[in-house]
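See below for the structure under consideration.
Reminder, nothing fancy here: chain letters follow the sequence lines and each chain counts from 1. Because the structure is a prediction, the values reported are computed rather than measured.
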Amino acid sequence: MLTGAPRGTKDILPDQVGHWQRIEAVIRQICREYGYAEIRTPVFEHREVFHRGVGETTDIVQKETYDFHDRGNRELTLRPEGTAPVVRALLEHKLYAGPLPVKMYYVGPMFRFGRPQMGRQRQFHQFGIEVFGAAGAGADAEVISLAMDFYRRLGLLDLTLLVNSIGCPVCRPAHRQALCDFFGPRATELCEDCRNRLDRNPLRVLDCKQERCQELSRGAPATVDHLCPACAEHFAAVRELLEAAGVAYTVDPGLVRGLDYYTRTAFEIISRDIGAQASVGGGGRYDHLVETLGGPPVPGIGFGLGLERLVLVMENRGLLAVTAEPARDVFVAMAGDGTGPVAFGLVQALRARGIVVETDCLARSLKAQMKTADRFQAPVVVIIGEAELARGVVTVRLMQTGEQQEVPLAGALEYVGGILNERKKCAG
RNA sequence: GCGGUUGUGGCGAAGUGGUUAACGCACCGGAUUGUGGCUCCGGCACUCGUGGGUUCAAGUCCCAUCAACCGCCCCA
C-alpha cells in the first residue's frame with residue numbers, strides 16, 4: 001500500500017462518525033447545563049508546558065511525548081493531555097482575574113507515543129473539564145458527578161468509580177517517609193521500576209501492577225491514613241457530597257494516577273470490558289499546578305476521559321446502533337436527453353426550501369435510480385423524462401403506494417412541498 | 001520499549017509447495033428495451049501486507065520489514 005495512516009492513528013469513517021457526533025452532542029449539552037464553557041487550545045505547546053506541568057518524572061513526559069523542533073528551532077510538543085494547555089491559556093489570558101470559579105471544557109485529539117493496542121492509540125481524543133479557583137469540596141463533587149452523569153446519559157450505568165486522596169505538600173513528606181520506612185527493608189524484592197519509584201515517588205509503588213509488588217504493598221501505609229487535618233476534612237467533605245448526590249464510589253487507597261500535578265482528590269472510572277485498558281476516565285485536584293506553571297496560587301480540579309475507549313465500551317454493550325444512511329425526503333430521477341438541467345434546477349429549488357433531496361449524477365438507468373431512491377428511503381420520487389420534458393410536466397411517485405401523478409413543472413415545487421408537509425403532519 | 005498471535009479482492013472467509021487462487025456479503029449491470037423488494041443471470045483480484053531468500057515450482061517454507069490484535073508497561 002502506498003499510503004496508510006501512521007501507526008497508532010485511525011480514520012473515523014462516515015459510518016462511525018455518527019457515534020462521535022452523538023457523544024459530542026451529549027458533551028455539549030451536559031457542559032451547558034453544568035455551566036462549563038468550551039475552550040480550544042493548540043494541539044502543540046512549548047515543551048516546557050508539559051515538562052513542568054505534567055511532571056518531569058512521569059512516564060508520559062519521559063517516554064511518550066511527541067517532541068519536535070519547528071523551522072524556527074522552537075522546542076514543541078504535541079499535547080499528551082489537556083490540563084496543562086488549559087492552565088497555560090488561563091495564565092496567558094489571565095482568566096483567573098475574572099469571576100471565579102472559571103469552568104471550562106475541551107474536546108480534541110491528544111498524542112502519546114506508546115505501543116498501540118486495543119483502546120490505546122497514539123492519537124486519541126479526550127473530553128475533559130477543568131475548574132479553577134474553587135478550593136472547596138463542592139468543586140470536587142461537581143466534577144466527579146458531572147463525569148458520572150455523563151456516562152449515565154450515554155447508558156453506562158455500572159462503571160466503577162474509584163476515589164482516593166493523595167494528600168498535599170503538607171502531609172506528603174510524612175507519608176513519603178512512612179512508605180520509605182515500610183518498603184526500604186524489602187526494597188530488593190520490588191521490581192526494578194519500583195526500586196526507582198522508591199526514590200522518586202514512592203507513592204507510585206502502591207499502584208504497581210506486578211504481583212509481587214502488590215503483595216509487598218499489602219499493609220503499606222495508605223495515603224488516607226496520613227492526611228493532614230485539612231486534607232482529611234476535605235476528603236470527608238467530598239465523600240459526604242458524593243453520597244448526598246447518590247454517586248456510588250469505592251475508596252481505593254492504591255489509586256495514585258500517573259500525573260505529578262495531582263493533590264488531594266484523585267479518581268478514576270474503570271470498565272472491565274475493554275481489555276487491559278480498563279480506565280475510561282479519571283481526574284483529580286491540582287491545587288499547585290497553576291503556580292508550577294508560573295501563575296498565582298489558583299486551585300484547580302478536573303477530569304479527562306478517552307473518547308475511543310468510550311466508543312469501545314458502548315459498542316461492546318450495543319449502545320451504539322449502526323448508523324443508517326440518513327434518509328432523503330425526495331429523489332429526483334431523470335431519463336433522457338436534456339433532462340439534466342431541468343432536474344438539477346428542481347433539485348436546487350427543493351433544497352433551497354430545506355428539503356433533503358438526492359439525485360443521480362452517474363447518468364444511470366431509471367431503474368438504477370429507482371433502486372437508489374428506495375435505498376435512501378425517499379418517500380417521494382420526481383421523475384423527469386423526455387416525454388415529461390416535452391409536455392412541461394414531471395411525474396411524482398409516492399414510493400409507499402406506488403401512486404403516480406403528473407404535475408406541471410412550474411407547480412412541482414409546491415406540489416412536492418405539500419406532500420411532504422402532509423406526511424409530516426401524519427407522522428407527528 | 002519487551003513478549004506473543006495474525007496479515008488472502010471493499011468486508012467475511014477457503015486454500016495439505018505444483019494447472020487460469022473457492023465461496024458468501026457488498027457493489028455494478030441485465031431479465032423484450034422509462035420505474036423500487038425478492039428471485040434469476042452476468043460483471044468486478046496480472047494476485048495472496050511489503051521486500052528479500054530457498055526451490056524446477058511458494059499464498060503455502062525461511063528471513064527481514066510494516067501493520068493490527070493480545071499480554072507487560074503506561075494511561076485515555
Among B/U35, B/G37, B/A68, the one nearest A/Lys371 by side-chain distance: B/G37
Using only heavy-atom distances, decide whether a donor-acceptor pair under 3.5 angstrom links the side-chain of A/Gln369 to the base of B/U35. no
Looking across every strand, which nucleic acid part, if any, lies under 4.0 Å from A/Arg115 by heavy atom: base, sugar-phosphate, or nothing? base
Which nucleotide in the list B/G29, B/G34, B/G36 gets nearest to the side chain of A/Glu388? B/G34
Please determine, for the side chain of A/Met118, which listed nucleotide (B/C70, B/G36, B/G34) has the closest atom? B/C70
Are A/Thr395 and B/U35 close enough that a side-chain N or O sits under 4.0 Å from OP1 or OP2? no
Between B/A76 atom C1' and A/Met314 atom CE, what is the distance in whole Å? 16 Å
Which of B/G1, B/C75, B/A31 is nearest the side chain of A/Arg120? It is B/G1
Under 4.0 Å, counting only non-hydrogen atoms across every strand here, what does A/Thr372 touch: a base, just sugar-phosphate, or nothing? nothing
Is the base of B/G29 touched by the side chain of A/Arg364 through a donor-acceptor pair closer than 3.5 angstrom? no
Test of ring centre spacing under 6.0 Å for A/Phe150 and A/Tyr34: no
Chi angles and distances behind the side chain to side chain contact (heavy atoms under 4.5 Å, CB included) call for A/Met104, A/Val86: CA-CA 9 Å; A/Met104 296 185 281; A/Val86 170; 3.6 Å; yes
Between B/C48 and B/U60 - P atom distance, rounded Å: 9 Å
Near RNA chain B, which residues from residues 21-37 of chain A have a heavy atom under 4.0 Å away? none
Strictly below 4.0 Å, N to O, side chains only: are A/Glu406 and A/Arg391 in salt-bridge contact? yes
Please pick, from B/C75, B/A68, B/C69, the nucleotide with the shortest atom-to-atom distance to any side-chain atom of A/Arg7. B/A68
Name the closest nucleotide to the A/Leu366 side chain, picking from B/A76, B/G34, B/C70. B/G34
Parallel, tilted or perpendicular: which describes the rings of A/Phe303 and A/Phe127, with under 30° parallel and over 60° perpendicular? perpendicular
Across all strands shown, which nucleotide pairs with B/G71 by Watson-Crick or G-U wobble geometry, both distances under 3.5 Å? B/C2
